J.: 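Below is a structure I'd like to ask you about.
Just so you know, these numbers come straight off a predicted model, no measurement behind them.
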Amino acid sequence: MADELDPQEDPYHVRNASRIYFLPNLMTAGNLFCGFMSVIHCIQARLAETSGGTYLGNSNTDHYRYAVYFIFGAAAFDTLDGRLARMGGRESLFGAEFDSLADVVSFGVAPALMMFFFILSPTAGYEWFRNIGWCVGFIYLLCAAMRLARFNVITNPLLHRSAKESSKDFIGLPVPAAASTVAATVLFLVEIVQTDKSLNRWALALPPLMVMIALLMMSTIRYPSGKNLGMQTQTRMKPFIGGIALVSLLVFYKEIGFLVICLGYIFFGLVRHWRRRATGQSITQPPFGPKV
């Protein structure tokens with residue numbers, strides 16, 4: 001029992017549970033800062049739309065582009081904080097809770113604002129988008145917050161679980177991946193706007209796409225995890241070539257490249273799930289897997 005452990009080793013001792021480790025939590029603070037700045041740029045983009053086309057010397061599309069880059073930066077910090085904590089054996093209950101709170105801002109609030117202010121806005125050519133934009137944004141935020149909350153509950157060390165419940169896959173679409181898909185969609189739409197092009201009827205696919213991303217976070221569909229990738233990781237020739245192709249796509253066509261990679265990740269999980277169901281393979285897993 002926890003009360004029988006040495007207080008120096010018991011993670012539930014108040015001193016250990018609230019311990020703040022500098023480097024991992026510094027990365028989490030960076031995640032939160034990026035999320036906050038993304039929210040700020042979403043608001044400034046909206047102000048630019050209502051104040052003559054610019055705000056603080058930047059157009060609304062410039063502000064949205066900065067907001068997207070800050071979300072990508074938050075995802076990078078989110079990856080680093082977990083890796084640093086695991087590498088140094090510096091995981092704490094405080095760090096887990098702090099990480100989830102930062103994620104709600106960076107991967108919940110900021111993408112929800114992007115949906116409402118830009119993706120599902122009347123500028124897409126459909127005035128009724130504004131009437132559903134707030135609802136779709138809230139559904140996304142709700143699913144992101146619930147997934148983070150359930151992750152904290154299910155990964156609690158005191159819960160009883162069997163060895164077969166462990167998995168290297170994410171269970172449900174990871175919150176950073178969902179936010180990155182929303183951000184990549186914004187980056188693509190910004191390019192469309194700046195080249196004076198239009199999605200025409202393709203814009204009708206945006207609301208169901210955003211809802212699908214939200215619901216996938218609460219699903220039990222398995223997604224590949226890069227948690228175990230490192231400098232010593234070995235791979236075969238085809239995945240190696242595929243990785244080089246993806247990097248080349250990002251370098252030369254970053255606006256479409258990010259979106260293709262994010263959507264490819266989403267539909268890879270869906271296709272693999274359906275194929276396993278069709279072949280009768282077991283896909284039973286605990287409600288949620290690792291987030292980062």
Side-chain angles (χ1 to χ4, degrees), residues 24-39 42 67-86 91 95-115 119 137 139-152 154-155 167-188 209-210 212-219 221-229 246 250 254 257-270 288-292:
N25 287 285
L26 181 64
M27 297 300 102
T28 303
N31 172 6
L32 182 59
F33 172 77
C34 288
F36 175 71
M37 291 303 299
S38 181
V39 170
C42 285
V68 166
Y69 292 152
F70 273 115
I71 284 185
F72 290 153
F77 278 117
D78 189 57
T79 300
L80 287 173
D81 65 8
R83 285 184 177 271
L84 287 174
R86 289 188 295 271
E91 296 177 277
E97 297 299 327
F98 184 28
D99 181 65
S100 291
L101 291 173
D103 287 352
V104 168
V105 176
S106 300
F107 308 131
V109 176
L113 287 178
M114 289 181 175
M115 290 182 188
I119 297 177
I139 290 173
Y140 174 90
L141 177 59
L142 177 65
C143 289
M146 290 180 64
R147 191 191 195 287
L148 291 166
R150 290 198 64 179
F151 167 82
N152 286 350
I154 291 174
T155 57
S167 173
K168 295 181 180 179
D169 289 339
F170 297 123
I171 308 301
L173 183 65
V175 179
S180 295
T181 305
V182 174
T185 302
V186 171
L187 197 63
F188 174 72
L209 175 62
M210 297 299 106
M212 181 186 75
I213 292 170
L215 296 181
L216 283 175
M217 287 189 286
M218 294 293 293
S219 72
I221 295 174
R222 298 172 60 182
Y223 282 91
S225 167
K227 211 175 161 184
N228 297 320
L229 291 178
L246 290 177
L250 289 178
K254 61 179 181 296
F258 279 117
L259 185 58
V260 168
I261 291 173
C262 291
L263 291 179
Y265 181 75
I266 287 176
F267 285 102
F268 173 81
L270 287 171
F288 284 86
K291 173 183 65 66
V292 294

J.: What about the rings of F77 and F33, do their centers lie closer together than 6.0 Å?
T.: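 No: the rings miss the under 6.0 Å criterion.
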
J.: Taking atom CZ of F151 and atom CG of D103, what is their separation to the nearest 0.5 Å?
T.: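 Spacing of CZ (F151) from CG (D103) equals 9.5 Å.
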
J.: Is the shortest side-chain heavy-atom distance between T181 and L209 below 4.5 Å?
T.: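 In short, these two side chains do not touch, never coming nearer than 4.5 Å.
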
J.: Treating Y223 as the side-chain partner and G172 as the backbone partner, does any N or O pair qualify as donor plus acceptor under 3.5 Å?
T.: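 Side chain of Y223 to backbone of G172, a donor-acceptor pair under 3.5 Å: no, none is there.
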
J.: What pair of heavy atoms forms the shortest contact from A74 to G35, and how long is it?
T.: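 So the minimum-distance heavy-atom pair works out to CB-N, 4.4 Å.
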
J.: Locate the shortest heavy-atom distance separating I221 from G269; write the atom from each residue and the value.
T.: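 Taking I221 first and G269 second, the nearest heavy atoms are CG2-O, 3.5 Å.
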
J.: In Å and rounded to the nearest 0.5 Å, what is the CG to CE distance from L142 to M217?
T.: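 Reported to 0.5 Å precision, the distance equals 9.0 Å.
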
J.: For the residue pair A110 and S106, what are the closest heavy atoms and their distance?
T.: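 Closest approach of A110 to S106: CB-O, 3.7 Å.
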
J.: Please name the pair of heavy atoms, one in I213 and one in A178, separated by the smallest distance, quoted to 0.1 Å.
T.: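 Heavy-atom minimum between the residues: CG2-CB, 3.6 Å.
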
J.: For V39 and V109, work out which heavy atoms get closest and say how close.
T.: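 Of all heavy-atom pairs spanning V39 and V109, the closest is CG2-CG1, 4.1 Å.
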
J.: More than 12 non-hydrogen atoms from neighbouring residues, nucleotides or ligands closer than 6.0 Å to CZ on F72, yes or no?
T.: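 Counting other residues, nucleotides and ligands, CZ of F72 exceeds 12 neighbours.
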
J.: Find out whether Y69 and L187 are in side-chain contact, i.e. whether some heavy atom of one side chain is under 4.5 Å from a heavy atom of the other.
T.: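 Contact flag for Y69/L187 side chains = yes.
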
J.: Are the side chains of M114 and T185 in contact, using a 4.5 Å heavy-atom criterion?
T.: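 No, their side chains stay 4.5 Å or more apart.
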
J.: Verify side chain to side chain contact (heavy atoms under 4.5 Å, CB included) between V186 and I119, making sure each step is shown before the conclusion.
T.: CA-CA 7 Å; V186 171; I119 297 177; 3.7 Å; yes

J.: A side-chain contact here means heavy atoms from C-beta on lying under 4.5 Å apart; do M27 and N31 qualify?
T.: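 Not in contact.
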
J.: Any side-chain heavy atom of F268 within less than 4.5 Å of one from Y265?
T.: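 Answer no - side chains too far apart.
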
J.: Would you mind reporting whether M210 and P111 have side-chain heavy atoms less than 4.5 Å apart?
T.: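 No, too far: nothing below the 4.5 Å cut-off.
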
J.: Counting only N and O atoms by type, is there a donor-acceptor contact under 3.5 Å from the side chain of R150 to the main-chain atoms of M218?
T.: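 Not confirmed, R150 side chain does not pair with M218 backbone.
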
J.: Just by modelled atom types, is the L216 backbone N or O under 3.5 Å from a matching donor or acceptor in the S219 side chain?
T.: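 Here the side-chain-to-backbone pair exists.
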
J.: What pair of heavy atoms forms the shortest contact from R147 to L173, and how long is it?
T.: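 Closest approach of R147 to L173, heavy atoms only: NE-O, 3.1 Å.
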
J.: Taking the side chain as every heavy atom from C-beta outward, state whether F107 and L148 have any pair of such atoms under 4.5 Å apart.
T.: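 No, their side chains stay 4.5 Å or more apart.
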
J.: I want to check something: taking the side chain as every heavy atom from C-beta on, are D81 and N25 in contact at a cut-off of under 4.5 Å?
T.: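 They are not in contact (no side-chain heavy atoms under 4.5 Å apart), so the answer is no.
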
